[in-house]
Amino acid sequence: MSFENLNEQQLAAVTAPPGAVMVVAGPGSGKTRVLTQRIAYLLQEQNVAPWRIMAVTFTNKAAREMRERLQHELGEDLRGLSVGTFHATCARLLRREGDALAPQYTRDFVIFDTDDQKSAVKQALEDLNLDPKKFTEGRMSSGISAAKNVLITPADYQATDHVGEVIKRVYARYQEILQANNAMDFDDLLLNTVLLLQRNPLIAEKYRQQYQHVLIDEFQDTNLTQYNLIRRLVGEGGNLFIVGDTDQSIYKWRGADIRNLQRFQQDYPEATTVLLEENYRSTQTILDAATAVIRRNRNRVDKSLRAMRGHGELLKMEEAYNEGDEAYRVLNELRSLMVNGYNAGDVAIMYRTNAQSRALEEAFIRAQMPYKLVGGLRFYSRKEVKDVLAYLRVIQNPADEFSLYRIINVPKRGIGAKTWEGLRAWAQAQGWQPTQGLLQMAEQTGLAVPFSGRALAQLMQFAHQLRHWFALSQRTSTTVADLLDTILKDIDYKNYLGEDTDEGAERWENVMEFRNVAAVADDMPLSDFLEEVALVADVDSLEEGSSAVTMLTLHASKGLEFPVVFLVGLEEGILPHSRSLQSDDPEDLAEERRLFYVGLTRAKDRLFLYHSFQRTNWGQTNATTPSRFLADIPSEMVGGLAQAGQRRQATKQSMSSWSSGWNPSGGSSGNSRPSPVPRPQPNQHGNRKRKSRATPRKRGAPKRVFPVWRRP
DNA sequence: AATGTGTTCTTTTTT
DNA sequence: AGAACACATT
């Protein structure tokens, strides 16, 4: 591998001497390349063995790409090279050291997703006889998560007020429930890894010895627990290579702590620092606009981003009438871009909240324009997929009561709430978990059980099925897909979904997609498969080179780039989000600005900025104010205004065929900009027309990104 | 136990 | 506006 194509700064980072290295990397400065080349440099020039390197990326996609690139460029055996997200890395370590997890956990533990988490918190509230109205699941969950992010266990939790006291108790009970189910939530993966290393100095020493080089991407978005983990793995004089950009820190709400940077500087005062300021992604115009926006933040170190490309085109800024019109304008702009040689795959539409995708999707479906949606209703959180997944999870981990509860009456077996409670109580009295109880019923013919009649017969049948699946899964020749096929056939799931309805057919399609994912992971043990499924992020499945527009949140856009970017919904209350405006912490508003900055800097060539005059939220239509951030973009970088009138004229014809657009009667002077036009009042009856949607949103729009997991 | 009706909350952002 | 949930009815 040659390092000739690197600029001076990049080369300095890649070939930095051992010890601690901090790379401050502005957007588009080639930080992923630097990270990859650094690993290549270690492997090739420093003769470091692959298994001595651990790299932590922000997404699985980034990890996959990094590994592929290394494989491609080096052609070496990379076995043992650890590349993955914090969560995946921790999960792997925890399983490897499964014995040290006892007695709370076995290495077969499952990962609880957000839905499971919710159920568990509710269970905890119920167990503690707390009023779920007063102490909401959401508040409890975020309190628990916040504690885990700063390495606080229930025992360490210091409550300062009433709510804190309750959170402490719920947290404690919640952990008991998770442990009883042999389950960890996302935060636990990190927390438990730290605890494991803390409690087992020998294991900690083993890994510290093994991983001589640790590299961390997106360091600005690590939390305290993650920093602690890094410290345990790296130690005082170790080799730690971090890459980050404080201007792109957008995960404070998830516990990311910018002070980790100060901690790093304190812990590694001798660290080499490299600044990457040359930008290879965007035009100077885009960069200048972004810089003007981010400069308004206080307490930041200014960077001068130099574009290595020309000035490019001006930004375009437009006001739409409402979200439907906004989507319509995006579509029109998109069409003209495509006429001018752009591919739909070059284009991304970004927004602050997932809910905003809806208006866009409707317009795109109506226009029959393909798109792929990142996030939103996640594939793995669809009912049918969750059902099937729950079957596998029970087989993997019989302790998982939540999954058993989910499937015991799906498809309908006539096992209702009463029978379920009966089973639980009876099993508990025998010292079993419910699944164990069922298996015992299937095995011991004369077992005395408190059921009779229909309930007994149904339970028995289900118990025998379970036993059969367990036996099947024990055989090494059984693949996950085999197991899945057997289960689907045994429960006649296709029939349950209803083949003859559109909805049923679509759901079944999703199940089959899921089966495909399982089939790809052919020789993978069930536990690994379930882990992969639990840890895939929405962006992970984003394929390049497809000919569909990508729709995604600003958060999900981090680390990505597109030739053309549309930013929509740039209004007060959306971006910046109303929550940040209500907050008394000015950092929240600063983070919203950074989020906008991230969005702006995703664009390579063209940038389109939209806001709407009015917007409908929660069924309420309100007038809006353009985002304060828009005013920070110098007007000489914006060229959209002058062309707006002209463009609208061209689009007016097709508007009449667009049934659910805004009613043109509201603004008969369609040639002018919307602003001077007499604006219909929000409550005017003309607006009510929107009630009848031309195309009701079809469940599960067809172009959703499908998270196909691929082996590295 | 399954189905129907009314009420309440939701929307920040995600591994 | 829609989903999720609690409660009531078949």
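Throughout, protein chains are lettered first and strands after them, A, B, ... in sequence-line order, and every chain is numbered starting at 1. Just so it is clear, the structure is predicted and the values come from calculations on it, not from any experiment.
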Applying side chain to side chain donor-acceptor pair (under 3.5 Å) to Arg300(A) and not counting sequence neighbours gives Asp247(A), Asp302(A)

Hits for side chain to side chain donor-acceptor pair (under 3.5 Å) against Tyr174(A), two or more places apart or cross-chain, chain-then-number order -> Asp185(A)

Quick one: [X] [atom1] to [N] [atom2], roughly how many Å, whole number?
X: Leu190(A); N: dT15(B); atom1: CG; atom2: P; value: 13 Å
X: Asp588(A); N: dT13(B); atom1: CG; atom2: C1'; value: 12 Å
X: Ile574(A); N: dT13(B); atom1: CD1; atom2: P; value: 11 Å
X: Arg254(A); N: dT14(B); atom1: CZ; atom2: P; value: 9 Å
X: Phe186(A); N: dT14(B); atom1: CZ; atom2: P; value: 12 Å
X: Leu125(A); N: dC5(C); atom1: CG; atom2: P; value: 14 Å
X: Asp188(A); N: dT14(B); atom1: CG; atom2: P; value: 21 Å
X: Arg139(A); N: dT10(B); atom1: CZ; atom2: P; value: 11 Å

With a non-hydrogen cut-off below 4.0 angstrom, is Lys122(A) in contact with a base, only sugar-phosphate, or nothing?
sugar-phosphate

Considering every strand and a 4.0 Å limit on heavy-atom distances, what is the contact class for Phe58(A): base, sugar-phosphate, or nothing? nothing

Point to revise | N or O in side chain of Asn617(A) less than 4.0 angstrom from dT10(B) OP1/OP2 | key: no

Check: Looking at Arg358(A), does any N or O in its side chain come under 4.0 Å of the phosphate oxygens OP1/OP2 on dT11(B)?
Finding: no

So which protein N/O to nucleotides 1-8 of chain B N/O distances come out below 3.5 Å?
| unit_1 | atom_1 | unit_2 | atom_2 | d |
| --- | --- | --- | --- | --- |
| dA1(B) | OP1 | Gly416(A) | N | 2.7 |
| dA1(B) | OP1 | Ala417(A) | N | 3.3 |
| dA2(B) | OP2 | Asn409(A) | ND2 | 3.3 |

The side chain of [X] lies closest to which of these nucleotides: [options]?
X: Arg579(A); options: dT11(B), dT15(B), dT14(B); answer: dT11(B)
X: Trp253(A); options: dT11(B), dT14(B), dT15(B); answer: dT14(B)
X: Thr114(A); options: dT13(B), dT15(B), dG2(C); answer: dT15(B)
X: Thr85(A); options: dT14(B), dT15(B), dT11(B); answer: dT15(B)

State, yes or no, whether a side-chain contact exists between Glu532(A) and Asn60(A) at a heavy-atom distance under 4.5 Å.
no

Check whether any side-chain heavy atom of Tyr105(A) lies under 4.5 Å from a side-chain heavy atom of Leu196(A), and answer yes or no.
no

Per nearest nucleotide of DNA chain B, the residue lying toward the 5' end, Asp187(A) or Ser580(A), is Ser580(A)

Point to revise | dA4(C) versus dT13(B) - spacing of their P atoms, nearest Å | key: 15 Å

| said: Tell me if the aromatic rings of Trp253(A) and His555(A) count as close, with their centers under 6.0 Å from one another. | reply: yes

*Above 12 or not: heavy atoms from other molecules or residues under 6.0 Å from OH of Tyr496(A)?*
yes

Presence of salt bridge, Glu591(A) and Arg594(A), under 4.0 angstrom: yes

Would Gln356(A) and Thr353(A) satisfy side-chain hydrogen bond (donor to acceptor under 3.5 Å, both in side chains), going step by step from the backbone distance to the final call? CA-CA 6 Å; Gln356(A) 287 171 258; Thr353(A) 66; 3.2 Å; yes

